[in-house]
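Report on one structure; see the data block that follows.
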Amino acid sequence: MTENTEAGIFHDVASPFCGIASDDLVVQVEGNTVTVKENGDAVTKPGFETPITDLSPRVKGQEVSLDKAVNHIASLLKNSKQPLIGGMGTDLNGARAAMALADISRATVDSQFSDAAFRNILVLQDSGYMTTTLTEVRNRVDVLLVVGTDIESSFPRFFERIVWPKESMFGQEIESREIIYLGKKPSGEASTTPGGRKAEVLECDDADLPEVISVLRALVKGKKVQSETVGGIAAADLAAIAEKLNAAKYSVISWSGTQLNIDHAEVTIQNICEMIKEINNTTRCNGLPLGGKEGDTTVNAVSSWQSGYPMRTSFSRNMPDYDPFVNRGQRMLDDGEVDVLLWISSFNTQTTPPLSNATMVVLGRSGMTFENEPEVFIPVGVPGIDHEGRTFRCDSVVSLPLTKLRDSGLPSTYDVLTAVEQAL
């Protein structure tokens with residue numbers, strides 16, 4: 001990163017707010033006010049530009065010192081029979097500190113994004129899958145099939161940064177790349193080629209995707225299909241997609257676990273992933289699951305390398321105890337199993353903790369408002385704005401450095417959780 005300190009302008013800033021972690025932002029900082037001047041989008045700009053409205057910790061609604069708030073959290077955890085560390089909207093160091101605190105307090109750990117993440121994780125654990133990286137897509141893809149996902153709504157710069165770059169390796173003509181949407185249609189024009197050729201769109205309801213993917217897989221394998229339509233899509237059109245996938249030199253099938261919000265979505269994703277393996281018998285094809293915003297990919301990576309398991313791991317028995325169903329945080333809250341909920345959301349003021357009977361402790365971004373005031377609220381700094389940090393992209397292979405842009409005085413999630421651990 002470069003900085004013009006006189007004008008308060010930062011160049012090549014990485015965004016922790018989107019899964020592709022765009023790292024070409026130009027940001028201006030004046031005091032505590034941050035403005036994205038260049039390369040911002042509908043996800044990134046609100047992330048950087050949310051104002052600071054409170055700086056002081058609160059206990060039962062009253063402003064207190066940070067030390068007093070930390071000691072109160074430690075007291076709650078000492079007396080807790082079943083604590084839950086949830087939200088997990090944090091960076092790499094914050095995730096490390098959360099895991100360390102879970103270990104010493106015998107808490108269960110779960111992320112606010114786990115319902116979507118486990119649609120992929122369960123497939124990876126059961127049968128494995130073949131996935132690619134953003135860089136490989138940028139340089140090699142010739143056919144991109146997007147399943148049940150409107151990429152532009154959650155990843156506004158995906159096509160600009162990954163699919164239509166000004167340069168790519170291996171001499172490929174960018175204009176020749178073919179984009180196909182299966183299920184949802186795109187909400188904008190970003191998938192249109194630089195030369196003006198629009199993406200092919202085959203729409204169907206989300207509920208029909210399991211059947212549509214099953215038929216597409218059969219067609220890829222050369223099976224005959226008797227029906228003329230599947231989920232409102234002509235079988236001939238699906239056969240044409242199958243032919244393109246089999247003929248491509250490097251096809252990529254992409255989806256978002258968040259947007260595939262259907263019953264047993266993991267089964268449909270597994271069908272996609274098995275189809276990818278079968279295409280690789282004759283050519284190259286890979287998957288690209290999209291996600292990773294606000295620490296989603298990061299916290300699962302940290303949990304996996306520290307405990308051997310992803311989120312939904314409990315330390316109540318003094319060892320990592322993984323169960324993606326029993327340790328689902330929302331289920332535990334709904335069933336009244338949790339007495340202390342420690343919620344972490346350092347990126348987004350809107351991701352407040354779910355209502356429950358548990359005593360609430362919130363380490364959140366300044367500006368959060370609550371229907372019910374938590375027992376403890378500590379406004380924490382945002383990684384990549386108020387302090388340095390690291391975050392993983394959605395492809396899980398690259399962690400980007402996040403640089404401090406301002407001196408707000410807000411502590412990092414790591415600092416607070418480490419202080420609580422020491423107080424225990």
Side-chain angles (χ1 to χ4, degrees), residues 19 110-131 144-155 158 179-187 191 199-221 225 227 229-235 237-238 241-242 245 252-279 285-294 296-297 300 310-312 323-331 334 351 354 394:
D110 193 18
S111 164
Q112 60 192 316
F113 300 113
S114 282
D115 281 352
F118 271 86
R119 292 168 189 156
N120 296 323
I121 292 171
L122 292 175
V123 175
L124 177 60
Q125 292 175 330
D126 183 61
S127 56
Y129 53 37
M130 299 176 63
T131 58
L144 174 63
L145 174 62
V146 184
V147 177
T149 302
D150 174 18
I151 291 181
E152 297 171 48
S153 63
S154 299
F155 308 90
F158 175 83
I179 312 300
I180 306 168
Y181 275 84
L182 182 59
K184 291 184 177 69
K185 65 179 180 180
S187 57
S191 58
E200 180 181 355
V201 180
L202 280 69
E203 286 189 73
C204 70
D205 293 336
D206 287 350
D208 291 323
L209 276 172
E211 183 181 13
V212 169
I213 293 300
S214 295
V215 170
L216 177 61
R217 182 182 174 190
L219 291 167
V220 164
K221 294 166 69 175
V225 176
S227 177
T229 63
V230 182
I233 298 174
D237 291 338
L238 290 176
I241 294 178
L245 291 173
V252 172
I253 303 177
S254 186
W255 67 90
S256 164
T258 300
Q259 294 192 39
L260 284 179
N261 190 18
I262 55 178
D263 290 341
H264 303 293
E266 68 276 4
V267 178
T268 297
I269 292 172
Q270 188 170 43
N271 224 1
I272 293 171
C273 294
E274 292 303 299
M275 178 171 63
I276 288 169
K277 294 177 188 177
E278 290 155 0
I279 294 172
C285 180
N286 277 294
L288 183 69
L290 292 172
K293 67 177 183 179
E294 299 179 13
D296 178 14
T297 302
N300 277 293
M311 291 283 96
R312 298 185 175 172
D323 192 310
F325 306 104
V326 173
N327 295 334
R328 180 174 177 260
Q330 189 61 59
R331 185 209 64 79
D334 291 343
T351 51
C394 65

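Keep in mind the model is a prediction, meaning the values are calculated, not measured.
- For the pair Gly128 and Glu274, the tightest heavy-atom approach, listed with the atom from each and the gap, is O-OE2, 4.3 Å.
- Heavy-atom minimum distance, Cys204 versus Gly231: CB-O, 3.4 Å.
- For Ser114, the side-chain contact (heavy atoms from CB on, under 4.5 Å) criterion is met by Asp110, Ser111, Phe118, Met311, Arg312, not counting sequence neighbours.
- Note that CD1 of Ile269 and CG of Asp126 are 12.5 Å apart. Values are rounded to the nearest 0.5 Å.
- Two residues are said to be in side-chain contact when any heavy atoms from C-beta on lie closer than 4.5 Å; Phe113 and Lys293 meet this criterion.
- Atom-to-atom distance recorded for Ile279:CD1 and Leu245:CG is 4.5 Å, nearest 0.5 angstrom.
- Taking all atoms of both residues into account, the shortest heavy-atom contact from Ala207 to Ile262 is N-CG2, 4.4 Å.
- The closest side-chain heavy-atom distance from Pro210 to Val267 is not below 4.5 Å.
- You'll find the side chain of Pro324 reaches within 4.5 Å of the side chain of Leu122, heavy atoms only.
- Using a 4.5 Å heavy-atom cutoff, the side chains of Met275 and Ile253 are in contact.
- With a 4.5 Å cut-off on side-chain heavy atoms, Pro289 and Thr131 count as touching.
- In terms of modelled atom types and a separation under 3.5 Å, the side chain of Lys184 and the main chain of Gln259 share a donor-acceptor contact.
- In this structure, Ile241 CD1 and Ile180 CD1 are separated by 5.0 Å, a value rounded to the nearest 0.5 Å.
- With hydrogens and angles disregarded, a donor-acceptor distance shorter than 3.5 Å links the side chain of Ser254 to the backbone of Leu288.
- The nearest pair of heavy atoms linking Ala116 to Gly257 is CB-C, 3.7 Å.
- Using modelled atom types, one side-chain atom of Asn300 and one backbone atom of Asp296 make a donor-acceptor pair closer than 3.5 Å.
- Side-chain atoms of Ser256 never come within 3.5 Å of backbone atoms of Thr149 as a donor-acceptor pair (strictly under, hydrogens ignored).
- The CZ atom of Arg328 sits 12.5 Å away from the CG atom of Asp323 when rounded to the nearest 0.5 Å.
- Leu238 has its side chain within reach of Val212: a pair of non-hydrogen atoms, C-beta onward, lies under 4.5 Å apart.
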Worksheet item: Should Trp255 and Thr268 be marked as a side chain to side chain contact (heavy atoms under 4.5 Å, CB included) after you check the CA-CA gap, both sets of side-chain angles, and the distance that decides it?
Response: CA-CA 11 Å; Trp255 67 90; Thr268 297; over 6 Å; no

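- Annotation for Ala265 and Arg119: closest pair CB-CD, 3.8 Å, computed over non-hydrogen atoms.
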Worksheet item: Please walk me through it: do Leu216 and Val230 pass side chain to side chain contact (heavy atoms under 4.5 Å, CB included)?
Response: CA-CA 10 Å; Leu216 177 61; Val230 182; over 6 Å; no

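- Remark: Leu182 CG to Ile272 CD1 distance equals 8.5 Å, nearest 0.5 Å.
- For Lys185, the NZ atom counts as loosely surrounded, since its 6.0 Å shell holds 12 or fewer non-hydrogen atoms of other residues, nucleotides or ligands.
- Summarising the geometry, atom OH belonging to Tyr129 is positioned 7.5 Å from atom CD1 belonging to Ile121; distances are rounded to the nearest 0.5 Å.
- Residues Cys273 and Val123 approach most closely at SG-CG1, 4.2 Å, considering heavy atoms.
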